[in-house]
Amino acid sequence: MTANKTLGDLLATLFRRRAFGRKTNDGREIREICLDFLSETAETSEQQLAATILNRYRAFDADQRADFFAFLNDELDLDTAGIEALAVNYGADPSPENYKALAKACEPRRQGLFRRLNETPGATTEIVKLRKDLLALLNERPELARTDHDLLHLLRSWFNRGFLVIRQINWESPASILEKIIAYEAVHEIGTWDDLRRRLQPTDRRCFAFFHPAMPDEPLIFVEVALTRGIPGSIQSVLSEEREAIGEDEADTAVFYSISNCQKGLAGVSFGNSLIKQVARDLSHELPNVTTFVTLSPIPGLVRWIRNEGIAGESDDPQHMERLAAKYLLEAKAPDGFPLDPVARFHLGNGATVHAIRSGGDLSETGIAKSSGVMVNYLYDLSRITRNTTRYSSKRKVTAASSVKNLARRAAAAS
């Protein structure tokens, strides 16, 4: 049985490699085309070669794509022997020429391939999709993380804040964009077009997204904002179909109640920090009466933490759950010393303060399952963001309101 399985695996691998190496109309394999594309003496136009590579990749099945990534990972890797020799030369003679030669050798050829592919119109979207495929392979092919490291390095450069454009999404935005807002919403599902209209059309609702000039029809991340009087304690009140809209001049608070990343291929490229701060600054100029900026955020790891800690108590006791939530957010740490909860890590890393714990904040099936319905308000005080961020990054300091600290102390006293 083992021998038959081994033979079958070998034949399958050989078949995939033959398919991966299938020749194009001009008689060349994709591997040869990539190497030619990297050559200084390529006779075919760069755009034509790039289009051929991207089109071939798009037609690959999952196994062929895995083989393509293996080619990038192994054959277009660093030349360590060459780097060593060039480093010796540079050490002996740190001339500009020797520096340039060493710096060029220290860049894997696959990185140069991605960079040159991206010079082709429309290639940026294809490369983002390619990385999505790569990320899906990393669990079973961890060695491909070398290629992912290079690709992420480039994407962080291509998608830095200086290139991003912020746009407001409203009910009059193109239908293609509105459809993507529905599809990409990751926190509170948008079930119908009426649901979307209630989030975009009223005068006390806003939605903002980052776009990249190379992907003008694809939102990268978007945030949904409710303009309110006071700080809301539940997502039910924010999204209620029966609620009455208020005039924007009546609001004193902007509530960031949903933040959704749209492109899986851009995982690891940070947008949320810049988007929230930009929206807060823009709204403070547009609406001077709005002086409070908070989130209404889920606590997705709370129930799991309670179970792992073996903590007893009634999950339907609001006060008990508020105390446990405060203890979890302020004291539960990951191995790196930062908060265990992923949403807390995001907002606290952006300089926010744990402002208030809200039992019954999310009574949806997901909210009950992950946090027993508890939510949290993170406060963005624009005058203290820089200080909070510094304390958090350097000292792992979680900034919290005194009321939240008191809840955590009561939880500790009861344990």
Side-chain angles (χ1 to χ4, degrees), residues 47 50-51 53-55 57-60 65 114 117-136 151 154-156 158-227 235 238-239 241 245 248 254-276 278-279 282-283 286:
Q47 287 198 9
I53 294 168
L54 293 172
N55 288 338
Y57 175 82
R58 195 181 303 116
F60 281 163
R65 291 180 179 184
F114 290 133
L117 285 173
N118 194 51
E119 295 174 2
T120 305
T124 303
T125 300
E126 297 301 320
I127 291 173
V128 171
K129 292 178 181 177
L130 179 148
R131 183 167 183 256
K132 176 184 175 183
D133 298 335
L134 176 58
L135 290 173
L151 193 47
L154 291 173
L155 290 172
R156 283 175 172 166
W158 298 342
F159 286 85
N160 76 63
R161 177 63 185 92
F163 293 122
L164 304 184
V165 178
I166 189 169
R167 284 160 48 186
Q168 182 173 348
I169 309 300
N170 55 42
W171 191 238
E172 285 70 43
S173 296
S176 60
I177 299 294
L178 298 183
E179 288 174 347
K180 288 170 182 175
I181 296 298
I182 293 175
Y184 291 140
E185 165 61 52
V187 183
H188 304 293
E189 180 182 4
I190 302 175
T192 66
W193 282 94
D194 282 340
D195 286 345
L196 180 64
R197 179 179 53 78
R198 284 191 290 269
R199 301 194 192 191
L200 299 181
Q201 192 176 48
T203 57
D204 58 354
R205 292 296 182 265
R206 299 286 192 277
C207 179
F208 299 90
F210 269 153
F211 291 82
H212 191 280
M215 301 172 62
D217 299 322
E218 282 287 345
L220 307 179
I221 185 174
F222 64 90
V223 59
E224 296 169 70
V225 184
L227 302 177
I235 195 64
V238 171
L239 299 180
E241 296 183 22
E248 58 183 28
V255 184
F256 307 108
Y257 66 88
S258 181
I259 304 171
S260 299
N261 285 293
C262 306
Q263 308 298 326
K264 291 184 178 179
L266 292 175
V269 182
S270 178
F271 301 118
N273 180 2
S274 298
L275 181 60
I276 289 177
Q278 184 67 58
V279 170
D282 290 351
L283 286 176
E286 177 192 354

Taking every non-hydrogen atom, the tightest pair across Leu200 and Ile169: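 In this case the closest contact between Leu200 and Ile169 is CD2-O, 3.7 Å.
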
Within-4.5 Å side-chain heavy-atom neighbours: Val128 and Arg131: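 Side chain of Val128 against side chain of Arg131, heavy atoms only: no contact under 4.5 Å found.
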
State which residues pass salt bridge (charged side-chain N to carboxylate O under 4.0 Å, His left out) with [X]; sequence neighbours excluded, sorted by chain then number.
| X | answer |
| --- | --- |
| Asp282 | none |
| Arg205 | none |
| Glu189 | none |
| Asp217 | none |

Using 0.5 Å steps for rounding, measure from the [atom1] atom of [X] to the [atom2] atom of [Y].
| X | Y | atom1 | atom2 | value |
| --- | --- | --- | --- | --- |
| Ile181 | Cys262 | CD1 | SG | 6.0 Å |
| Ile166 | Ser274 | CD1 | OG | 10.0 Å |
| Leu151 | Arg156 | CG | CZ | 11.0 Å |

Pair Asp133-Tyr57, side chain to side chain donor-acceptor pair (under 3.5 Å): steps then yes or no: CA-CA 11 Å; Asp133 298 335; Tyr57 175 82; 2.6 Å; yes

Side chain to side chain contact (heavy atoms under 4.5 Å, CB included) against Asp204, all qualifying residues, sequence neighbours excluded: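 Checked Asp204 against side chain to side chain contact (heavy atoms under 4.5 Å, CB included); matches are Pro202, Leu227, Arg243, Ala245, Ile246.
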
Test: Arg199 and Glu185 ion pair at under 4.0 Å: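 So Arg199 pairs with Glu185 through a salt bridge.
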
Pair listing, salt bridge (charged side-chain N to carboxylate O under 4.0 Å, His left out) test, anchored in residues 161-180, at least two apart: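 Every pair satisfying salt bridge (charged side-chain N to carboxylate O under 4.0 Å, His left out) with a residue in residues 161-180: Lys180-Glu218.
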
